[in-house]
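Everything quoted here is computed from the prediction, not taken from an experiment. Below, all heavy atoms of this structure are taken into account, side chains as well, without hydrogens, waters or symmetry copies.
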Amino acid sequence: MAAEAGSVRLWARTEPFLAGALPAPPPARLAPHYLRKAAAYARARAAQGCFPRLRWPRWRHIACGKLQLDRDLAWLYFELFRGLLEPDPPRRLRWAEAEASCASAEELERERSKLSVDTLQFLLFLYVQQLHKVSLRRSLLGDEWPSPRTASPGFPGKSAGGNKNWNDQEHRAFVQSHLLDMLELLLEPEQLSASSHSSSSSLVSLEAVGALSLLLEGSVGTSRAVRPLHELALCPPCHPHNGFSQGARAFSLPRLESWIRSCLTANPLGMTACIRAGRKLAWAQQVEGATRRAKIACSARVVPEVSPMVIMSQVYKQTLAKSSDTLVGAHVRIHRCNESFIYLLSPLRSVTIEKCRSSTFVLGPVETSVHVQSCDGVRVMVVCHRLSLAATTGCTFYTLTPTQPLILSGNQAVSFAPFHTHYPMLEDHMAQVGLATLPNYWDSPMLVCRESSDTGVFRLLPPSDFYTFVIPFEMEGDTTETPGGLPQEYQEALRQREQRVQVWQRAVKEAGLTRDQRKRLQALVENKFYEWLVQTGNRQQLDSLVPLAMGSKQAAG
C-alpha cells in the first residue's frame with residue numbers, strides 16, 4: 001500500500017472508548033505508575049504465561065496480589081476486554097456452553113484458566129480506564145463525570161455533554177495527553193531508564209505498535225479504506241517521519257510519537273461526523289404530530305469494518321419501532337427521550353440510554369454493552385452481553401445476560417427481573433451476536449463503586465409484580481416464546497394469575513346474567529380497563545399503535 005507521508009490521517013478508534021472504558025472512576029492501583037510495574041512484571045515472567053499472552057491465572061495473581069484489586073473486579077476487566085475483542089459469535093457461544101456446564105466454582109475456575117489475552121493490548125485497555133479518572137480541577141469547574149446532572153445540549157452536536165464514552169473529541173484529547181505514557185507502557189525493559197521512563201534513544205518494537213492499533217487507526221489520502229496504525233506506520237514513505245529502522249525492526253520513540261501527533265485528527269467515523277453528515281433515519285412506526293422535536297441521525301455504512309452509529313434525541317410521547325439492516329451491528333445512543341416506547345428489534349453492537357424519563361425500551365440482542373445513565377422511571381428489556389447503570393432512579397431492567405449487571409454510582413430504587421418477552425427473529429439475532437440463554441446472571445448484580453456498596457439500592461422484582469410483555473408487531477421468524485423460559489417462581493405467578501382470570505370468566509358464565517346485566521357488566525369492566533390504561537400510560541402506547549392496524553408488518557422494514 002503506497003502512502004505519501006503527509007497524506008496519512010490517524011484518529012482514535014471509537015470502540016475501545018465507547019464499549020471498553022468502564023463508565024466509572026478506575027481503582028487507584030490502575031494508575032499509570034502501577035501499570036508500568038505490571039508490564040515489567042509480565043515481561044519478566046514470559047515463561048510463566050504472562051507474555052506475549054497473559055493467562056487468566058497470571059492476571060489474577062497480578063491484579064489481586066500486586067495491584068490489590070478484588071478478585072471479582074480482576075475478572076470484570078479481563079472479561080470486559082475479551083468481550084470487546086471477541087468478534088466471533090461461535091466462540092462466544094462455545095464459551096457460554098462451557099461456563100454454563102460448570103457445576104462448581106472450582107470447575108468454573110478451571111475453565112477460566114484456559115483463557116488468555118494479548119498482554120500489551122490488555123495493558124492499553126487498562127490504561128484507557130483512566131478516561132473516567134475524576135479530576136479535582138474539572139470537578140470544581142462543574143464539568144467532570146460522574147455528576148449525574150451535568151448539563152449538555154438537547155441534541156449533542158460538537159460534544160457529548162458529560163458522556164466521555166461517546167465523545168470522540170475526548171478520545172482524541174485522551175490520546176494526545178497520554179500518548180507518551182502509553183508508548184512507555186509498551187516498551188521493552190531495556191528501553192527504559194532506571195525511573196521507568198523513555199529516553200531519546202528508546203526504540204518501540206513492531207509488536208508494541210501493533211498493540212497500539214487497538215486505539216488508533218487511519219486512512220491514506222481520499223481513500224475510505226480504514227487501516228490499523230501498524231500498517232500505516234510500515235508504509236515506506238512514512239519511515240523518515242516515524243523513525244522506522246529496517247535493521248532494528250523498530251521505531252525511534254521520539255519520532256514515532258511526533259509522527260502520530262502530526263497525523264492525529266478528528267475521527268471521520270465518530271459521533272460528531274454522524275451528527276454533521278449522517279442521514280435522518282426513517283422509522284417503520286412514527287406517529288405524526290408530536291414528532292417534530294425528535295432528532296434522529298444515522299451514520300452512513302461506508303466502511304464495513306466500522307460499526308455505524310444511530311443517535312436519537314428528544315423523542316417525546318412517541319412509539320418508534322425499527323428492525324432493519326440499518327441497525328445491525330450499530331452503536332446506538334438514546335438521549336433525552338421522555339414518555340415514549342422505543343423498539344429496536346435488530347442485533348446491535350452497543351446501546352447507551354441517558355437522561356431519559358418514563359419510557360420503555362425494547363432492544364434486540366446487544367453484542368457488547370448496554371449502559372443506562374441519569375434516567376428516571378425507565379424500563380429496559382434486552383438480551384445483552386453486559387448491563388451497567390449509573391445515576392438512575394426507579395428503573396426496571398428485564399434482562400438475559402451472561403455477565404453480572406454492574407451497579408455503578410448514584411443509583412436508587414433499581415429493580416431487576418428476568419427477560420420476559422420475544423419477537424419472531426429474536427433467537428436468530430441472538431445467534432448472530434453470540435448470546436445464549438445460559439448462563440444468565442440477571443439476578444446477581446455486582447456493586448462496583450464504593451458508594452454503591454449498599455445492597456439496598458436494588459431489589460429483585462417480586463413475582464406478584466411481574467407480567468409478560470407482548471411486542472405488538474408482526475415479523476417473520478421462528479421464535480414463539482421467551483428464550484430460556486422463566487424462573488419457576490415467576491412462571492408460577494403467571495399461572496396463578498391466569499387461573500384467577502379463568503375463575504372469573506367461569507363465574508360470569510355461571511352467574512345467569514340477563515342480556516342487559518351482561519352489557520352493564522361489560523361497560524363497567526371496559527371503564528375500569530380504560531382508567532387503568534390512562535393511569536399506567538399504556539393508553540398513549542395503544543393510541544400510537546393505531547396507524548399500524550392495516551399493516552403492522554412494516555415494523556420489519
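- A salt bridge does not link Arg112 with Glu79: none of the charged nitrogens is closer than 4.0 Å to a carboxylate oxygen.
- Considering only heavy atoms from C-beta on, Lys133 stays 4.5 Å or farther from Pro25 through its side chain.
- Taking the side chain as every heavy atom from C-beta outward, Ser374 and Thr392 never approach each other to under 4.5 Å.
- Classification of the His61-Tyr41 ring pair by plane angle, with boundaries at 30° and 60°, yields tilted.
- Between the side chains of Thr401 and Thr399, not a single donor N or O lies within less than 3.5 Å of an accepting N or O.
- Judged by distance alone, the side chains of Thr352 and Trp166 do bring a donor and an acceptor atom under 3.5 Å apart.
- Annotation: side chain of Cys356 is in contact with side chain of Ile334 (closest heavy-atom distance under 4.5 Å).
- Ring geometry for Phe17 against His171 counts as parallel: the plane angle stays under 30°, on a 0 to 90° scale with 60° as the upper cut.
- Within the 3.5 Å criterion, the main-chain N or O of Ala173 finds a donor-acceptor partner in the side chain of Ser177.
- Looking only at atom types and distance, the side chain of Gln130 has no donor-acceptor partner in the side chain of His178 under 3.5 Å away.
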**OP:** Would you sort out whether Ser307 and Glu15 count as a side chain to side chain contact (heavy atoms under 4.5 Å, CB included), showing the intermediate values?
**Re:** CA-CA 9 Å; Ser307 298; Glu15 286 217 343; 3.6 Å; yes
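- The shortest non-hydrogen separation linking Arg172 to Ala12 is N-CB, 4.3 Å.
- Ring centers of Phe251 and Trp259: at least 6.0 Å apart, outside the cut-off.
- Side-chain contact check for Arg386 and Ser369: no donor-acceptor pair (N or O, by modelled atom type) lies under 3.5 Å.
- For the pair Val362 and Leu344, the minimum side-chain heavy-atom distance is 4.5 Å or more.
- The ring-ring contact (aromatic ring centres under 6.0 Å, His included) test applied to His331 returns no partner, not counting sequence neighbours.
- How far CD of Gln176 is from CG of Leu264: 5.0 Å, rounded to the nearest 0.5 Å.
- Rounding to the nearest 0.5 Å gives a distance of 12.5 Å between CG of Leu216 and NE2 of His230.
- In terms of heavy atoms, Ala74 sits closest to Ala63 at CB-CB, 3.5 Å.
- Between the side chains of Thr368 and His385, no donor N or O sits under 3.5 Å from an acceptor N or O.
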**OP:** Would you sort out whether Tyr77 and Trp59 count as a ring-ring contact (aromatic ring centres under 6.0 Å, His included), showing the intermediate values?
**Re:** CA-CA 10 Å; Tyr77 285 120; Trp59 163 241; 7.5 Å; no
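- Residues Asn242 and Ala233 come closest through the heavy atom pair ND2-O, 2.9 Å.
- Separating the CD atom in Glu184 from the CG atom in Leu187 is a distance of 6.5 Å, to the nearest 0.5 Å.
- Salt-bridge annotation for Arg336 and Glu354: absent, with no side-chain N of the basic residue lying under 4.0 Å from a carboxylate O of the acidic one.
- Cation-pi geometry between Arg36 and Tyr34 is not met at under 6.0 angstrom from the ring centre and within 45 degrees of the axis.
- With sequence neighbours excluded, no residue forms a salt bridge (charged side-chain N to carboxylate O under 4.0 Å, His left out) with Arg249.
- By the 30° and 60° cut-offs, the orientation of the rings of Tyr127 relative to Phe174 is perpendicular.
- Within the 4.5 Å cutoff, the side chain of Ser299 has no heavy atoms near those of the Leu269 side chain.
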